[in-house]
Participant: 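Got a structure for you, written out below as structure tokens; questions coming shortly.
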Amino acid sequence: MSENLSLDKLSEQQEAAIEYMEGPVLVLAGAGCGKTQLITHKYARLYNKDREKYSTMLAVALTNKAADEMRDRIAYAIGSDPSNNLKGMWVGTFYSQCNRILLKEKAAIGITGDYVIYDSEDQCRLIRHILNDMKLYEALYKGVASKISYFKSSLLTPDELFSTYNNFDFDEKLLKVYVRYQDEMRRTNALDYDDLISYTIRLFEENPDILNKYREIFSYILVDEFQDTSYAQYQFLKLLATNNILVAGDDDQTIYKSRDFESENILAKFEADFDNARLMRLEQSFRCTQNILKVSGSVISKNTYRKQKILWTDKQSGEKVCHYWFMAEEDEAKYIAKNIKDLYLKGNYAYSDIAILYRVNLQSRVIEEALKNERIPFKVIGSSMIYHKRETKDLISYLRLMWNKDDNVSIRWIINQPNRGITVNTLNKIENEAKKEGISIYKAIVKLCAAKGLSTSVKEKLNNFIALLDLLSENKSITLSEAIKLVGTHTSYIEALDENALNDISEIMFRSGNLPLGEFLSDVSLTTTNDDVRGMSCVSLMTLYNVKGMEFPVVFISGLEDGLIPYFKATETSEELDEERRLFYLGMTRARDILFMTGAKKRRLYAKFQNQEPSRFLKDIPKDCCLWIEKNAIPANVASKAQPQPQQPVEFPYNTGCRVKHPKWGVGVIRDCYGEKNDIKVTVNFPNVGVKRLALKYANLEKI
DNA sequence: ACAATTTTTGTTTTT
DNA sequence: CAAAAATTGT
């Protein structure tokens with residue numbers, strides 16, 4: 001799964017980009033051309049050349065996972081010298097590194113106290129509240145949230161928008177929501193993701209001395225996946241960098257672009273802004289075979305706006321890329337499972353070498369079934385998110401309030417959780433007070449309790465709540481597990497949880513119980529728990545989005561049908577279509593050796609069956625580069641009668657991985673066990689002889 | 001005010 | 001189909 005770790009082998013182009021120190025560099029790198037390798041090596045090379053100067057370089061990646069991998073590979077490349085202070089390295093995402101800067105320097109821009117970071121779910125809750133309060137159609141919250149986020153990531157303030165759009169039929173209501181949102185965030189002492197970047201920019205702009213300090217610290221700046229950099233992130237880089245920057249990206253691999261409005265071509269902007277920038281290309285793919293390169297290239301070349309790249313490789317032409325068309329999704333899934341089994345039994349590929357990709361998560365169901373039937377181990381990646389479950393969110397709300405009592409979103413969430421008998425009526429009074437005075441809900445409650453106008457019984461309830469919050473927030477410098485215990489002893493909320501929720505919470509404790517509360521809270525917002533598949537011997541199932549940055553020797557892309565790839569909701573504009581094509585391209589170029597593409601005519605989406613047509617993108621593939629195979633319908637009665645028994649109860653004497661001894665071939669490892677009760681066959685991998693398939697009755701195997 | 005029932009909705013996803 | 005939202009009934 002990880003890219004080739006043959007660290008010493010760098011291509012001439014990579015070498016040139018590493019050694020070039022005369023000015024800014026834009027590296028345009030194709031899929032699998034060693035872009036990340038280039039970055040980690042440049043880091044290591046500079047570091048080893050002059051530790052004094054280059055021990056605090058800034059290196060940013062798009063996701064935590066990518067950043068972690070970058071950090072690991074840098075550590076590997078500079079060697080495991082204990083004097084290397086890896087923890088102090090400025091390697092991470094834009095957001096985490098900005099957060100780090102802000103925590104150090106927040107006083108300079110007037111952030112007092114401990115802010116909380118709102119994730120997109122918190123943002124949505126707040127926006128729904130605002131829409132509701134302004135008597136606007138609440139169901140629009142998602143669209144509103146993404147537009148506000150777009151404004152913020154483009155560094156457009158409401159004022160600027162007012163003056164720019166004054167005379168157009170621009171949505172004035174949207175701007176009012178934006179203003180309200182910003183106001184509420186300020187009162188609540190919360191920052192959203194975009195704020196982390198824009199506040200840092202403001203910090204630098206208003207405090208030249210601080211900016212200069214960080215210009216010193218960041219003696220060189222390295223940026224991975226540069227094509228996905230937002231305007232704000234780019235401004236951040238522009239403030240910090242002069243000649244000491246290298247950015248690397250591939251415009252063919254942007255997959256989060258068209259969701260916002262039109263966005264400028266960031267690659268072109270870099271070349272324009274850094275006028276002495278040098279463009280370098282990495283076009284030698286170390287990953288894909290010639291055939292895969294040819295097929296994927298023919299698809300991506302149909303995109304309208306892109307930098308032309310001509311990828312080439314030293315590798316063999318390899319297996320032909322195959323496209324299979326089935327009559328039903330079950331047949332498709334069965335074929336994939338059977339094919340994986342065959343690949344595995346032949347012994348050239350382990351299960352962990354194989355990935356199955358799809359456009360939407362619900363496609364995994366059928367495939368999972370088929371894999372279970374073939375007894376193939378697998379893992380579905382990216383479908384469970386522990387921190388987004390309801391019960392966990394409740395707990396996190398409490399923890400956040402311990403940290404920052406002004407957190408309105410959290411206070412609204414748990415004010416009646418467990419039920420404290422505070423009525424809607426009272427809540428409205430509190431909201432009005434907070435709005436009128438421009439203060440947080442917590443402060444509004446305190447104020448109302450001190451004044452007259454509320455009945456004593458209501459006041460008592462509110463005072464109890466306030467007392468609880470005060471008690472909880474008394475001591476902030478505690479660890480997460482202490483904090484959770486505190487919440488447990490002072491509220492009845494944990495008692496009411498079911499087993500699953502308790503399991504989730506103990507998992508959180510297990511994972512980060514020792515972290516200081518504040519650190520845990522920013523971690524929760526800034527990092528998603530990505531299930532790591534490294535080292536596990538199972539097939540990986542995931543969406544095309546999730547596979548970004550990975551590679552597998554064997555890749556199956558399923559559901560190559562119009563409506564799925566491209567997705568039916570993204571076929572209106574040519575930008576949307578281009579993005580779907582890039583997504584498809586991304587999936588294809590994950591494959592090192594073998595690429596299968598499959599589709600099915602009959603597919604069930606939600607409740608109804610649909611007749612699908614093969615993906616329109618397949619037309620872009622020249623007929624001679626690809627093997628086209630159409631599986632005809634198996635007569636229904638034969639098909640349904642042939643396979644209905646789950647046939648699970650057959651017990652096999654050997655498990656995969658167990659070691660055996662053969663009279664002739666010596667010691668081997670069982671890879672698989674299958675067949676009928678009285679005719680069990682095994683596949684054994686003998687290190688000296690190779691993979692053998694044996695009939696158990698005649699083989700005389702001995703368990704060791 | 002809260003539980004039970006009916007209606008609606010439905011991509012992907014990072015921070 | 002299944003979860004979330006909206007509506008109705010007690």
Side-chain angles (χ1 to χ4, degrees), chain A residues 60-68 92-100 102 117-124 128 132 137-139 141-142 145-146 149-150 152-153 191-200 224-225 227-230 232-233 236 253-260 357-366 381-385 387-390 416 419-427 522-530 542-549 559 563-572 576 579-580 582-584 586-587 603-610:
Chain A
V60 282
L62 191 71
T63 64
N64 285 297
K65 201 167 118 210
D68 289 346
T93 62
F94 279 103
Y95 302 95
S96 67
Q97 300 311 297
C98 282
N99 186 43
R100 201 167 145 193
L102 282 178
I117 299 170
Y118 276 6
D119 65 18
S120 17
E121 219 180 305
D122 303 313
Q123 284 180 60
C124 284
R128 288 179 75 166
N132 200 17
Y137 186 44
E138 194 186 324
Y141 71 96
K142 269 189 182 158
S146 85
S149 172
Y150 168 72
K152 296 182 76 165
S153 66
L191 305 197
D192 62 25
Y193 294 128
D194 301 310
D195 289 331
L196 290 172
I197 313 291
S198 62
Y199 278 44
T200 312
D224 201 357
E225 306 281 8
Q227 76 281 352
D228 288 309
T229 305
S230 74
Q233 291 164 343
F236 168 80
Q253 291 183 61
T254 328
I255 49 176
Y256 302 114
K257 188 142 269 182
S258 81
R259 124 170 33 157
D260 288 322
L357 311 178
Y358 37 78
R359 176 64 226 262
V360 293
N361 281 316
L362 63 91
Q363 285 174 258
S364 75
R365 280 277 178 99
V366 200
I381 310 221
S383 53
S384 81
M385 279 177 232
Y387 292 114
H388 287 290
K389 289 184 187 170
R390 202 199 176 90
N416 271 321
N419 197 341
R420 277 173 252 276
I422 299 165
T423 63
V424 176
N425 219 329
T426 316
L427 288 174
S522 46
D523 267 19
V524 165
S525 307
L526 290 176
T527 69
T528 44
T529 52
N530 38 50
M542 68 191 105
T543 63
L544 288 164
Y545 286 90
N546 256 320
V547 82
K548 187 167 189 174
L564 237 34
I565 305 175
Y567 196 67
F568 66 92
K569 274 191 168 175
T571 53
E572 294 288 304
E576 285 176 324
E579 178 146 330
E580 293 292 307
R582 285 196 294 269
L583 196 54
F584 180 32
L586 186 93
R603 185 177 295 277
R604 202 181 61 188
L605 292 168
Y606 309 120
K608 53 186 177 289
F609 281 94
Q610 284 197 318

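Chain A is the first sequence line, chain B the second, and so forth, proteins listed ahead of strands; every chain is numbered from 1. Keep in mind the model is a prediction, meaning the values are calculated, not measured.
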Participant: Please list each protein N or O that sits under 3.5 Å from an N or O in nucleotides 5-8 of chain C, with the distance.
Facilitator:
unit_1 : atom_1 : unit_2   : atom_2 : d
C:dA5  : OP1    : A:Arg128 : NH1    : 3.4

Participant: Holding to side-chain contact (heavy atoms from CB on, under 4.5 Å), I want the full list of residues that pass it with A:Val366, two or more places apart in sequence or in another chain.
Facilitator: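 By the side-chain contact (heavy atoms from CB on, under 4.5 Å) rule, A:Val366 matches A:Glu329, A:Glu330, A:Ala333.
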Participant: Among residues at least two apart in sequence or on other chains, which ones pass ring-ring contact (aromatic ring centres under 6.0 Å, His included) with A:Tyr118?
Facilitator: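 Expected list: none.
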Participant: Distances under 3.5 Å between protein N/O atoms and the N/O atoms of nucleotides 5-11 of chain B, please, pair by pair.
Facilitator:
unit_1 : atom_1 : unit_2   : atom_2 : d
B:dT11 : O4'    : A:Tyr567 : OH     : 3.0
B:dT11 : O2     : A:Arg359 : NH2    : 2.1

Participant: When the distance from CZ of A:Arg582 to P of B:dT13 is rounded to whole Å, what number comes out?
Facilitator: 17 Å
Participant: Measure from CD1 on A:Ile255 to P on B:dT13 and round the result to the nearest Å.
Facilitator: 9 Å
Participant: Given B:dT15, is OP1 or OP2 found less than 4.0 Å from the side-chain N or O atoms of A:Ser525?
Facilitator: no
Participant: Report the distance from atom CG of A:Leu62 to atom C1' of B:dT13, rounded to the nearest whole Å.
Facilitator: 10 Å
Participant: Would you please determine if the base of B:dT15 is stacked by A:Tyr193, with stacking meaning a centroid separation under 5.5 angstrom and planes under 30 degrees?
Facilitator: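 It does: the ring sits over the base of B:dT15.
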Participant: Would a 4.5 Å heavy-atom cut-off, applied to side chains only, mark A:Leu102 and A:Leu196 as touching?
Facilitator: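 Yes - at least one pair of side-chain heavy atoms lies under 4.5 Å apart.
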Participant: Run the side chain to side chain donor-acceptor pair (under 3.5 Å) test against A:Asp122 and tell me which residues pass, sequence neighbours left out.
Facilitator: A:Arg400
Participant: Can you check the A:Asp195 CG to B:dT14 C1' distance for me, whole Å?
Facilitator: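 Computing the A:Asp195:CG to B:dT14:C1' distance gives 16 Å.
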Participant: Heavy atoms only: give me the nearest A:Lys65-A:Asn546 pair and the separation to one decimal.
Facilitator: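 Heavy atoms of A:Lys65 and A:Asn546 come nearest at NZ-O, 4.3 Å.
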Participant: Using a distance-only criterion (donor-acceptor N/O pair, under 3.5 Å, no hydrogens), is the base of B:dT15 paired with the side chain of A:Ser120?
Facilitator: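 Such a pair is found, so the answer is yes.
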Participant: What is the distance, to the nearest angstrom, from the CZ atom on A:Arg365 to the P atom on C:dC1?
Facilitator: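 For the pair A:Arg365 CZ and C:dC1 P, the rounded distance is 11 Å.
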Participant: Taking OP1 and OP2 of B:dT14, is either one under 4.0 Å from a side-chain nitrogen or oxygen of A:Asn64?
Facilitator: no
Participant: Which is true for A:Asn546 with a 4.0 Å heavy-atom rule: it touches a base, it touches only sugar-phosphate, or it touches nothing?
Facilitator: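 Sugar-phosphate contact only - A:Asn546 comes under 4.0 Å of backbone atoms but never of a base.
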Participant: If every non-hydrogen atom of A:Ala570 is compared with every non-hydrogen atom of A:Glu580, which pair is closest and at what distance?
Facilitator: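 So the minimum-distance heavy-atom pair works out to CB-OE2, 3.6 Å.
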Participant: Could you report the tightest heavy-atom contact between A:Cys98 and A:Ile197, atom names first, then the distance?
Facilitator: SG-CD1, 3.9 Å
Participant: Roughly how far, to the nearest 0.5 Å, is the CD atom of A:Glu225 from the CD atom of A:Gln253?
Facilitator: 6.5 Å
Participant: Residues in ring-ring contact (aromatic ring centres under 6.0 Å, His included) with A:Tyr193, at least two apart?
Facilitator: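 Residues passing ring-ring contact (aromatic ring centres under 6.0 Å, His included) with A:Tyr193: A:Tyr95.
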Participant: To the nearest 0.5 angstrom, please state how far the CD atom of A:Gln363 sits from the OG1 atom of A:Thr543.
Facilitator: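 It comes to 10.0 Å.
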Participant: Each nucleotide N or O in nucleotides 1-4 of chain B that has a protein N or O under 3.5 Å away: list the pair and distance.
Facilitator:
unit_1 : atom_1 : unit_2   : atom_2 : d
B:dC2  : OP1    : A:Asn419 : ND2    : 2.9

Participant: Take atom CG of A:Asp194 and atom P of B:dT13, then tell me their distance rounded to the nearest Å.
Facilitator: 20 Å
Participant: Can you list the residues that meet the side-chain contact (heavy atoms from CB on, under 4.5 Å) rule with A:Arg420, with sequence neighbours excluded?
Facilitator: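 Expected list: A:Tyr398, A:Ile414, A:Asn416, A:Pro418, A:Ile422, A:Phe465, A:Leu468.
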Participant: What integer distance in Å separates A:Leu357:CG from B:dT13:P?
Facilitator: 12 Å
Participant: Using the salt bridge (charged side-chain N to carboxylate O under 4.0 Å, His left out) criterion, which residues pair with A:Arg128? Sequence neighbours excluded.
Facilitator: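 Salt bridge (charged side-chain N to carboxylate O under 4.0 Å, His left out) check on A:Arg128 returns A:Glu138.
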Participant: Please convert DNA chain B into dot-bracket. A pair counts if it is Watson-Crick or G-U wobble with both distances under 3.5 Å; crossing pairs go in [ ] and bases paired with another strand get |.
Facilitator: ||||||||||.....
Participant: Among residues at least two apart in sequence or on other chains, which ones pass side-chain contact (heavy atoms from CB on, under 4.5 Å) with A:Phe609?
Facilitator: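 Applying side-chain contact (heavy atoms from CB on, under 4.5 Å) to A:Phe609 gives A:Lys602, A:Arg604.
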Participant: With sequence neighbours excluded, tell me which residues meet side-chain contact (heavy atoms from CB on, under 4.5 Å) with A:Thr254.
Facilitator: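 With neighbours one apart ignored, the set is A:Gln227, A:Asp228, A:Lys257, A:Arg582.
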Participant: Whole angstrom is fine here: how far is it from CG in A:Leu544 over to C1' in B:dT12?
Facilitator: 9 Å
